[in-house]
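Notes follow the structure.
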Amino acid sequence: MAYDADVIVIGAGLAGLAATAELVDAGRKVILLDQEPEQSIGGQAHWSFGGLFFVDSPEQRRMRIRDSRELALQDWHGTAGFDRDEDHWPRAWAEAYVDFAAGEKRAWLRGQGVRFFPVVGWAERGGYDATGHGNSVPRFHITWGTGPGIVAPFERRVREGVARGLVQLRFRHRVTGLARSAGSVDTVTGEILEPSAAGRGTASSREATGSFELRAQAVIVTSGGIGGNHDLVRANWPQRLGTPPASMLSGVPAHVDGLMLGVTEAAGGRVINRDRMWHYTEGIQNWNPIWAKHGIRILPGPSSLWFDARGKRLPVPLFPGFDTLGTLDHIMKTGYDYTWFVLDQRIIGKEFALSGSEQNPDLTGKSVRDVIGRARADVPGPVRAFMDKGADFVVEKDLTSLVRGMNALTKEPLIDEAQLRREITARDREITNTFTKDLQVMAIRGTRNYLGDKLIRTASPHRILDPKAGPLIAVRLHILTRKSLGGLETDLSSRVLTEGGGVLPGVYAAGEAAGFGGGGVHGYRSLEGTFLGGCLFSGRTAGRAAARAVA
């Protein structure tokens with residue numbers, strides 16, 4: 001029986017593009033399928049901030065950051081908390097990925113024209129002991145061009161494959177089945193959806209106009225996770241985090257639906273670590289949404305005071321930017337699914353960045369002039385737009401008016417002005433000299449020891465209630481769905497494994513569908529900057545392995 005291609009790749013996001021590009025380099029014929037229209041090529045990666053995790057990079061060394069493979073692996077294991085029998089392959093992938101990040105990853109990307117912003121960011125700082133969660137040093141490298149900048153070289157390589165007659169791009173093809181006609185899985189079936197002019201990220205029709213059946217020697221599943229499917233998020237919500245939030249924002253479009261995980265599982269693949277997921281606690285409603293329930297994540301510096309729904313300050317070390325999952329765990333125990341940042345204009349102007357390519361036009365557009373303009377502005381333009389138009393922002397000259405505005409945004413007026421004033425005033429007293437017992441104030445001062453944060457990410461310590469730093473600002477924060485950390489279990493060749501530990505012949509997986517490698521390379525938590533890199537590393541691995549298998 002004739003094959004339609006050597007390999008079928010399911011999902012045209014970053015992992016799928018990386019896998020296809022490697023197959024093209026090996027001279028293999030590929031059919032790349034995606035349920036969305038062509039204008040959404042690149043998937044979630046297009047919308048990303050473009051952060052990548054490197055170890056001992058030139059950018060780090062120029063910023064006087066001392067990093068090493070050993071320190072990064074210590075941080076990874078302390079963060080992941082691998083503790084299950086099914087963590088065998090995730091653990092192996094973690095070590096392989098840290099080797100990649102400390103080795104050829106940067107040179108490989110630079111060879112394709114990718115460049116990086118010179119100031120290295122410090123995400124997920126932890127705040128525990130040396131063997132606990134968090135990055136010991138800054139490792140978050142922003143791609144010059146953000147998400148589109150990291151997608152571009154791989155899309156270019158795939159389109160070169162189209163020009164050479166090696167790649168067929170078939171959009172609006174929704175896969176619903178994988179089957180065997182011999183010993184290996186070699187048949188892909190599904191629905192052809194009606195053409196759609198829907199813009200990137202917006203909802204497209206699910207009306208089927210026909211069906212398809214395609215055959216290849218190998219299949220690579222790169223279909224993403226479940227973050228756009230809130231029903232599936234709630235069904236997999238971990239018991240350790242309590243009851244799922246009644247209300248959540250979406251950090252990804254609705255087509256991130258988890259469909260292919262079920263299809264691959266029905267064909268014999270094993271999905272592991274379903275209850276490990278990475279959702280953000282600093283979500284705000286997008287005043288100019290692209291998809292349903294579209295939320296944006298604030299990437300905060302360390303100075304905002306963080307309060308629960310009743311106005312109680314979050315405990316140590318749950319400061320902005322320190323421990324995402326620890327903060328989520330705490331929030332879910334409060335009985336409410338929202339929290340508050342309280343800060344002032346001096347802090348928001350220097351410390352607020354917004355995740356997403358569309359929220360960072362200077363970096364996305366590779367404009368040095370605009371980057372300099374952002375640094376000089378009292379408040380960057382995209383942040384100012386949220387202050388003026390965002391449904392979750394309250395901006396007032398005095399605390400009484402601020403509390404009144406906060407209570408107006410919620411079903412119950414839970415914030416007591418006197419209590420909030422006591423908390424802020426007590427914190428402000430700790431600023432008056434270099435000695436303090438407030439660990440957040442210590443953290444702010446420690447952060448400013450790093451030149452990158454002192455220059456562009458951390459405001460000088462000051463009293464929040466100082467009128468000269470105002471106006472005062474409160475931001476209501478929502479839970480924002482983003483990544484599923486579990487997925488299809490794979491070995492180090494990206495081959496999908498079965499429930500019994502054997503190989504599902506002919507099937508490979510990469511990207512979020514494979515938990516970014518092995519079925520959950522991050523364990524319980526992420527060090528950040530590791531999602532795009534996980535897509536690239538696992539996609540590259542899958543493409544190369546499948547190319548060898550069909551030779």
Counterpart residues, ring-ring contact (aromatic ring centres under 6.0 Å, His included), relative to His294 (two or more places apart) = Trp291
Qualifying salt bridge (charged side-chain N to carboxylate O under 4.0 Å, His left out) pairs with a residue from residues 221-249, counting only residues at least two apart or across chains = Arg240-Asp275
message = I want to know whether His522 and Phe531 have ring centres closer than 6.0 Å.
response = yes
inquiry  = Whether the side chain of Thr146 engages the backbone of Phe49 through a donor-acceptor N/O pair (distance < 3.5 Å, no angle test) should be reported.
reply    = no
request  = Determine, using ring centers only, whether Tyr338 and His478 are less than 6.0 Å apart.
outcome  = no
task = Name all pairs fulfilling the salt bridge (charged side-chain N to carboxylate O under 4.0 Å, His left out) condition that reach into residues 490-506, sequence neighbours left out, sorted by first residue then second.
result = Arg270-Glu499, Asp491-Arg495
request  = Return each pair, listed once, that meets salt bridge (charged side-chain N to carboxylate O under 4.0 Å, His left out) where at least one residue sits in residues 282-306; pairs must be two or more places apart or across chains.
outcome  = Glu282-Arg297, Arg297-Glu528
Enumerate, atom names and distances included, each donor-acceptor pair closer than 3.5 Å involving a side-chain atom of residues 242-262, sequence neighbours excluded.
{"residue": "Ser250", "atom": "OG", "partner": "His230", "partner atom": "NE2", "Å": "2.6"}
{"residue": "Asp257", "atom": "OD1", "partner": "Leu259", "partner atom": "N", "Å": "3.1"}
{"residue": "Asp257", "atom": "OD2", "partner": "Gln35", "partner atom": "NE2", "Å": "3.4"}

message = One pair to check against salt bridge (charged side-chain N to carboxylate O under 4.0 Å, His left out): Arg525 and Asp75. What are the steps and the verdict?
response = CA-CA 11 Å; Arg525 285 178 165 93; Asp75 288 347; over 6 Å; no
key: Salt bridge Asp438-Arg313, side-chain N to carboxylate O under 4.0 Å   = yes
task = Scan for side chain to side chain donor-acceptor pair (under 3.5 Å) pairs involving residues 299-312, sequence neighbours excluded, and state none if there are none.
result = Ser303-Glu351, Trp306-Thr339, Arg310-Tyr336
inquiry  = Taking the basic N atoms (NZ, or NE/NH1/NH2) and the acidic carboxylate oxygens, is any pair closer than 4.0 Å for Arg91 and Asp85?
reply    = no
